[in-house]
There are 2 protein chains.
Amino acid sequence: MVVTMQDVARRAGVALSTVSATLTSARPVSAATRARVVAAMDELGYTRNALARGLASRRSRVLALTYPVGTSGLSRTSAEFVLSAAQVAQERGYQLVLWPFGVADEAGIVEVAGQGLADGVLVMEVHLDDVRVRGLRAAGVPVALIGRTADDGPLPTVDVDFEATLRDAVAHLAALGHRGIAFVNHAAHRVAEGHGPTVRAAAAYERAMTDRGLAPVQVFADESVAGGRAALAGLLAADEAPTAVITMNEDATFGVAAELAARRIAVPRELSVLAVVSSPAVSGQTVPPLTTLHAPGAQLGRAGVDALLALLDTGTPPPPALLPCRLVDCGSTGPVPAPEPALAGAHPQTPTRDGHRRPRRRPARTHTEELDEEDV
Amino acid sequence: MVVTMQDVARRAGVALSTVSATLTSARPVSAATRARVVAAMDELGYTRNALARGLASRRSRVLALTYPVGTSGLSRTSAEFVLSAAQVAQERGYQLVLWPFGVADEAGIVEVAGQGLADGVLVMEVHLDDVRVRGLRAAGVPVALIGRTADDGPLPTVDVDFEATLRDAVAHLAALGHRGIAFVNHAAHRVAEGHGPTVRAAAAYERAMTDRGLAPVQVFADESVAGGRAALAGLLAADEAPTAVITMNEDATFGVAAELAARRIAVPRELSVLAVVSSPAVSGQTVPPLTTLHAPGAQLGRAGVDALLALLDTGTPPPPALLPCRLVDCGSTGPVPAPEPALAGAHPQTPTRDGHRRPRRRPARTHTEELDEEDV
DNA sequence: TTGAAAGCGGTACCAA
DNA sequence: TTGGTACCGCTTTCAA
């Protein structure tokens, strides 16, 4: 039925071990023999059996990718990451298996890792104190992290450079004259859980602002459209409403866009919006499209796989990699609105110090209402 | 280092084969021995080696999922599918490997399948004439399809019921009085490629319309925001502009929404929009949120894995499964606009027969322009 | 440079 | 009911 190495050996008139040698080049094989073996192989249509190879060599050439399940599906950015990881693995002669486990399911993950199907594990959505990582390390399973724990020790690590990203975001807006720059982060419970991106971005944003003598205004928004709407509404209701908003929460970003539309707020004339650690594929879907600091999803996948393979091959973890986000201008950021001259009475506004401005309060309306109003 | 079955056997004072038997229950084991074996196992922290087990039993308990690479990342619906497939596989004691291959890469897929890591393959995004499927069948690899080829023969198959979905979509809109119901399908090149969903939905839509004596108006839109905008613009420019639009092209749907916003078209008062084979997670992100015929992504994943496992277990393919989409009303569909009474002169319109209506032509504007106009 | 044989860690069949 | 053992298909010494 299936063609085995023994079949090839017989057809080529050599020993089984010689066939193996031509494949692995673990030992010299003369050109002549090699040619006969190769000929026999493709006459027979031979393919090496992955299971047997893995068992004998203690290297399955399979990598596992574990990601938290239960959370609202994969974001487009994460999906990008997964696909690129699978592709790079393939290019390297590896296969990628998916391990859907809860972030707290240490037992489950250690159990399946113990089965030895995978040579190593890529952990996504790493928490500052991550039981999965701890469990795998304790079990002696090679691990690479997408993200970082509080103390990675010698683990290979690739992550978004949140420090640089938020610094760049604030710098970009500050260069446009903004001083009231708010930040819509992930949900509050993420902080408590020690969700790396949330915590790191929060700190980076605060630092970037205070370094410039600006007052940070941070909102932890529920990861949903409603959460984003509420977040923006809250920001605009404040005494010192921001003139620019940075969003990192992909789901909430759609809500921010929706709220902007409902209030008929001109972007970027009245308010600048900058989506960070996002993807143009996502930001291009909002109305208006949002300028983005593009998360390096594909590069992260590539780097993560390569880091894990480096660990596997050399036994020592490669140095941690922090990848920057790239600015993609979709036109949603612009100069800070100038305080309106006193004589322009049509829309009274309250300019304040520091480039803050008090926009007129407009109630949010449903879109239907919004459109009905003037189209009837 | 690693605990082997032999270790367990020694500790329990039984033969290796007895340990195996307690695990596989392939043969009776007395309660007493079983207890001793089990005790030994968890004293030692034993876990069965997947590779060895697979090699010996000719069943790796690994399933492969292949999806076309190169196409613009995974749609949210597809991602939903992949995740649920991985999860169901896990529940069944299987692991899922990802095989990123081009739709035409028969050689690549057959090659990796020949390595025997996977017991069977799940093929996504199946084409009517699919070389991957042909190649795998010819190679004797168990296959299940997400989608259907033109002639599946005895292959296990799960798919969206496009016939029912488009029928339901048209029925839903027709019940609201619409007669001018247009359909924004995938890109034209998909038809040429024999992309199942595109072709089946196209036919189903035409049938659903003509069955009601309505004239089908179908647009094959580029899979992008721009494509969607252009599609809607084209429809509205026609002599008999539709009063309702069905969209199936997830990327273009965002464009349709954007164009609606740019033209300030009231949804659903002026135009009803219904996104089919989509996901509320997606439709909720547009402004306004779109009523959706929710694609059964998760169920498809579940059904696909189960179909493949059924084939693996019984040797005979289970009957094909067609899963319906479920209506999720987000308020973007409503009654057909009544032809305006002649005396209402504010916005001249041209009512036509058949419930068609000629909306006033409004040029599309950028959002910035749009908002600037009245907020300055 | 090549061949022979001992595992890798299990499953499955056989005899006891 | 249990123990012994022949493989599964390949990698990896070790001699020749």
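Lettering of chains follows the sequences in order, A, B, ..., and the numbering in each one begins at 1.
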Verdict with supporting geometry, B:I146 and B:L122, side chain to side chain contact (heavy atoms under 4.5 Å, CB included): CA-CA 7 Å; B:I146 314 306; B:L122 232 43; 4.3 Å; yes

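Base contact: A:S20 has a heavy atom under 4.0 Å from a base atom. Residue contacts for A:S17: at a heavy-atom cut-off of 4.0 Å it reaches a base atom on one of the strands shown. As judged by a 4.0 angstrom heavy-atom cut-off over every strand, A:L16 is placed among the base-contacting residues. Residue A:S60 is out of contact with every strand shown, counting any heavy-atom pair closer than 4.0 Å. Within the nucleic acid shown, A:V14 comes within 4.0 Å of sugar-phosphate atoms alone, with no base atom in reach, counting heavy atoms only.
The CZ atom of B:R53 sits 10 Å away from the P atom of C:dG10 (whole-angstrom rounding). Rounding to whole angstrom units, CD of residue B:Q6 and P of C:dT11 are separated by 13 Å. Atoms CG (B:L23) and C1' (C:dA12) sit 14 Å apart, rounded to a whole Å. Summarising the geometry, the separation between CZ on A:R34 and C1' on C:dT1 is reported as 12 Å, rounded to the nearest angstrom.
Of all nucleotides in DNA chain D, those with any atom nearer than 4.0 Å to a heavy atom of chain A start and finish, going 5' to 3', at D:dG9 to D:dT13.
OP1 or OP2 of C:dC13 has not a single side-chain nitrogen or oxygen of B:R27 nearer than 4.0 Å. Note on A:S30: a side-chain N or O is less than 4.0 Å away from OP1 or OP2 of C:dT2.
For the side chain to side chain contact (heavy atoms under 4.5 Å, CB included) criterion with B:T149, the lone passing option out of B:V123, B:L128, B:D130 is B:D130.
With hydrogens and angles left out, the side-chain atoms of B:Q90 and A:W99 include no donor and acceptor closer than 3.5 Å. There is no side-chain donor-acceptor pair under 3.5 Å between A:T18 and A:R34.
Between the side chain of B:D119 and the main chain of B:S60, a donor-acceptor pair closer than 3.5 Å is present. Not a single donor-acceptor pair under 3.5 Å links the side chain of A:S25 to the backbone N or O of A:T22.
Between B:D151 and B:R134, none of the side-chain N atoms (NZ, or NE/NH1/NH2) sits under 4.0 Å from a carboxylate O, so this pair counts as no salt bridge.
Between A:V2 and B:G13, the one whose closest nucleotide on DNA chain D sits nearer the 5' end is B:G13. Positionally, the nearest nucleotide of DNA chain D for B:A32 lies more toward the 5' end than for the other of B:A56 and B:A32.
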